[in-house]
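As structure tokens, the structure follows; a few thoughts come after it.
Because only heavy atoms are used, hydrogens play no part in the values below, and waters and symmetry mates are left out as well, while side chains stay in. Remember, it's a predicted structure, so these values are computed and weren't measured experimentally. Numbers restart at 1 for each chain; the letters A, B, ... are given by sequence-line order, proteins then strands.
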There are 2 protein chains.
Amino acid sequence: MAETARRPDHRYGNRPTMKDVAARAGVGLKTVSRVVNGEPGVTPDTERRVREAIQALGFRRNDSARVLRKGRTASVGLVLEDLADPFYGPLSRAVEEVARAHGALLINGSSAEDPDREQELALALCARRVDGLIVIPAGDDHRYLEPEMRAGVATVFVDRPAGRIEADTVLSDSFGGARAGVAHLVAHGHRRIGFVGDRPRIHTAAERLRGYRAAMEDAGLPVDDAWVSLGSTEPARVRDAVAAMLAGPEPVTALFAGNNRVTVTAVRELAGRTRPVALVGFDDIELADLLGITVIAQDAAALGRTAAQRLFRRLDGLHEEPRRVELATRLVPRGSGEIPPA
Amino acid sequence: MAETARRPDHRYGNRPTMKDVAARAGVGLKTVSRVVNGEPGVTPDTERRVREAIQALGFRRNDSARVLRKGRTASVGLVLEDLADPFYGPLSRAVEEVARAHGALLINGSSAEDPDREQELALALCARRVDGLIVIPAGDDHRYLEPEMRAGVATVFVDRPAGRIEADTVLSDSFGGARAGVAHLVAHGHRRIGFVGDRPRIHTAAERLRGYRAAMEDAGLPVDDAWVSLGSTEPARVRDAVAAMLAGPEPVTALFAGNNRVTVTAVRELAGRTRPVALVGFDDIELADLLGITVIAQDAAALGRTAAQRLFRRLDGLHEEPRRVELATRLVPRGSGEIPPA
DNA sequence: TAGGCCCTGGACAACGTTGTCAGGGGCGTG
DNA sequence: CACGCCCCTGACAACGTTGTCCAGGGCCTA
């Protein structure tokens with residue numbers, strides 16, 4: 001039979017389309033489009049008929065199709081390390097608020113600190129044709145984004161710089177913060193200060209280590225290799241590292257912790273000891289005030305906000321050299337950093 | 001001139017399309033599609049030519065267009081309250097992991113506890129044609145989702161039940177948790193126990209209050225209206241509430257805090273006092289172990305994981321009555337809940 | 001050697017929307 | 001009364017992809 005009705009091959013569970021609405025309202029397709037988009041040039045009476053049909057059918061515009069036609073998706077992507085980390089929640093939220101103010105949705109993904117996964121995610125977002133991309137790098141080579149950026153995907157890197165590529169970047173002053181934190185310990189009389197940090201291929205970790213070394217050098221203090229421990233932030237590893245620095249005949253009298261996770265574990269480890277050990281941690285932590293933990297605080301929300309604002313300025317057509325912004329950190333003394341050497 | 005070339009009206013910053021790739025490789029459009037999608041029926045030699053062209057042009061498939069054709073977007077939406085809240089970060093991350101295992105992306109949105117914003121977000125996600133939707137309700141009427149659900153959008157509610165609509169729901173046992181927490185205080189000798197909670201229109205807040213009352217009644221204890229305070233979780237309000245309960249001739253000797261934010265503020269307020277007051281809080285908190293805060297812990301990640309698994313089972317075609325799952329809570333004694341009455 | 005089958009490749013329509021353009025009707029003005 | 005203008009309205013193409021279907025060529029078999 002020649003007339004087997006040509007049935008569409010999928011249909012979203014049979015959602016009504018503008019065509020259906022048009023048929024029901026007895027108007028043209030384009031008129032429905034006009035009503036839905038609030039475009040002028042529709043009689044109040046026609047508009048009412050269309051709205052009734054929309055109601056009756058439960059029609060909702062398919063933004064996927066719209067995107068295809070318009071070329072902008074009104075969405076931005078955010079690739080971060082781990083949404084469950086209390087540092088990234090506020091950052092993501094800040095990005096979301098800026099996006100919302102610009103009428104855009106946010107798609108985020110966690111790289112779990114895996115460069116391959118970062119790339120996979122970022123490219124998947126590009127395939128979705130996000131208008132812009134904010135990336136907290138896990139890897140150190142971002143040339144894979146070059147074609148995307150050339151094709152017009154605005155891209156901003158946050159928290160850590162991009163690798164082998166020029167792009168807008170928003171950072172915290174890790175070097176300066178760590179230097180100030182260690183100097184604070186020095187000022188309170190410490191001469192043997194330990195540093196427990198994350199893997200040094202992570203830019204912030206390397207910078208903080210550099211800040212530590214700079215502060216020690218500023219004070220004319222030597223740095224014993226045994227005082228420096230870099231590696232994963234696994235609690236077990238950090239505990240071992242702390243324990244090692246506190247053992248032996250010449251133990252450290254103070255610790256600088258390279259990020260929030262290290263700080264938490266270090267506090268737990270120190271809590272079990274009798275001899276007081278001074279501690280300054282990078283990143284603020286909830287309840288740190290009650291525990292009296294001195295920290296170098298960075299403003300995660302400000303990082304996200306700044307990056308997002310930059311992104312949307314690019315999307316609004318800003319055309320200038322990529323810029324690198326460093327946000328200041330803040331020393332918050334709360335007791336643990338003011339303990340004198342034992 | 002009749003021949004002014006018809007220029008496309010937008011172009012994504014001029015991204016190459018399959019057509020461009022086909023032209024460059026000297027093959028047909030569909031052949032490119034086959035290569036990109038790993039479909040069979042392409043000679044190795046042809047495939048190589050296509051891949052070279054893709055490389056040379058920096059082509060990346062436009063998933064927006066793909067979605068339009070295929071009907072599935074491979075993305076799910078999550079509407080939560082506030083991504084910056086340490087409770088929701090892990091929940092969102094757990095959803096993301098399940099989605100990733102199913103090859104889907106996650107689009108997040110924060111409702112800021114505003115029902116209108118919740119609706120706006122959820123419907124925007126539907127317009128993007130997410131395959132499924134996970135909602136942590138801010139409002140108490142979700143009939144607006146009925147057309148969407150009928151149209152095939154799988155929907156699961158988490159943490160709080162849906163309002164005026166039947167749908168899959170995953171909850172923590174707020175009632176039982178609060179009841180157990182208050183019973184714990186009673187077991188340690190307390191008879192005057194205060195309850196500081198969130199606004200009662202929030203389902204979990206109401207349930208926890210109910211649990212509190214049940215535990216008091218179980219123990220045959222009266223509840224003075226002055227011991228119950230419900231309202232925003234603003235620190236100022238919570239501090240005032242706590243202060244009020246501790247003032248007067250017959251102050252409470254123990255407090256039950258209705259959620260993580262209340263707990264944090266209560267701990268801060270109690271820290272400034274000399275007379276010890278027992279405290280049990282709902283939700284676990286980072287570092288609560290060090291501060292010795294006894295809590296009723298709920299597993300945010302398990303909530304998210306369970307909900308997401310349910311969602312994808314629906315997407316895989318599961319067809320059965322909506323189900324309501326309640327996850328158990330866990331009492332974690334750490335000291336503050338075991339303080340005897342002063 | 002003819003017939004049939006498989007393998008490769010391409011033309012075409014369709015997904016649901018928006019931009020362009022042209023037509024028709026009403027109304028004001030000369 | 002006629003002309004022209006403006007306001008509504010709808011037909012049509014296009015966005016970039018995938019599903020369907022058909023054509024051509026090579027190879028195997030009878």
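- A sub-4.0 Å separation between OP1 or OP2 of dC8(D) and a side-chain N or O of K30(A) is absent.
- Nearest to the side-chain atoms of L68(A) among the listed nucleotides dT17(C), dC15(D), dT18(D) stands dC15(D).
- Residue S33(A) has its side chain nearest to dT18(C) when only dT18(C), dT9(D), dG16(C) are considered.
- In this structure, the separation between CD on E81(A) and CD1 on I202(A) is 7.0 Å, given to the nearest 0.5 Å.
- At a cut-off of 3.5 angstrom, the base of dG16(C) holds no donor-acceptor pair with the side chain of K19(A).
- Residue V36(B) is out of contact with every strand shown, counting any heavy-atom pair closer than 4.0 Å.
- No salt bridge links R100(B) with E96(B); every basic N to acidic carboxylate O contact stays at or beyond 4.0 Å.
- In this structure, the CZ atom of R60(B) is 12 Å from the P atom of dT17(D), given to the nearest Å.
- Between R61(A) and dT18(C) there is a side-chain N or O to OP1 or OP2 distance below 4.0 Å.
- The nearest heavy atom of DNA chain C to A65(B) and to G41(B) marks one nucleotide each, and the one closer to the 5' end goes with G41(B).
- Rounded to whole Å, the distance from CG on N62(A) to C1' on dT18(C) is 13 Å.
- In this structure, CZ of R15(B) is placed 11 Å from P of dG16(D), rounded to the nearest angstrom.
- When rounded to the nearest whole Å, the span between CZ of R66(A) and C1' of dG16(D) equals 18 Å.
- Aromatic ring pairs are classed by plane angle as parallel below 30°, tilted from 30° to 60° and perpendicular above 60°; the pair F312(B) and H102(B) is parallel.
- Here the options are I136(B), V158(B), L171(B), V95(B), the test is side chain to side chain contact (heavy atoms under 4.5 Å, CB included), and the partner is L303(B); only V158(B) passes.
- Computed from coordinates, the E39(A) CD to dC8(D) P distance equals 13 Å when rounded to whole Å.
- Between D45(B) atom CG and dT8(C) atom C1' the separation is 12 Å, expressed in whole Å.
- For the pair L125(B) and L78(B), the tightest heavy-atom approach, listed with the atom from each and the gap, is CD1-N, 4.2 Å.
- Between T43(A) and dT9(D) there is a side-chain polar atom (N or O) within less than 4.0 angstrom of OP1 or OP2.
- At dA14(C), none of the side-chain N or O atoms of R69(B) fall inside 4.0 Å of OP1 or OP2 (strictly under the cut-off).
- Distance CE (M18(B)) to C1' (dA14(C)): 16 Å, rounded to an integer number of Å.
- Using a 4.0 Å heavy-atom criterion, one finds that N37(A) contacts the sugar-phosphate atoms exclusively.
- An OP1 or OP2 oxygen of dG9(C) is reached within less than 4.0 angstrom by a side-chain nitrogen or oxygen of T46(B).
- OP1 and OP2 of dT9(D) both lie 4.0 Å or more from every side-chain N or O belonging to T31(A).
- Taking only distance into account, the side chain of R34(B) meets the base of dG9(C) through a donor-acceptor pair shorter than 3.5 Å.
- In this structure, D20(A) places its CG atom 8 Å from P of dG16(C), rounding to the nearest Å.
- When the shell of 6.0 Å around CG of D140(A) is examined, it contains 12 or fewer heavy atoms from other residues, nucleotides or ligands.
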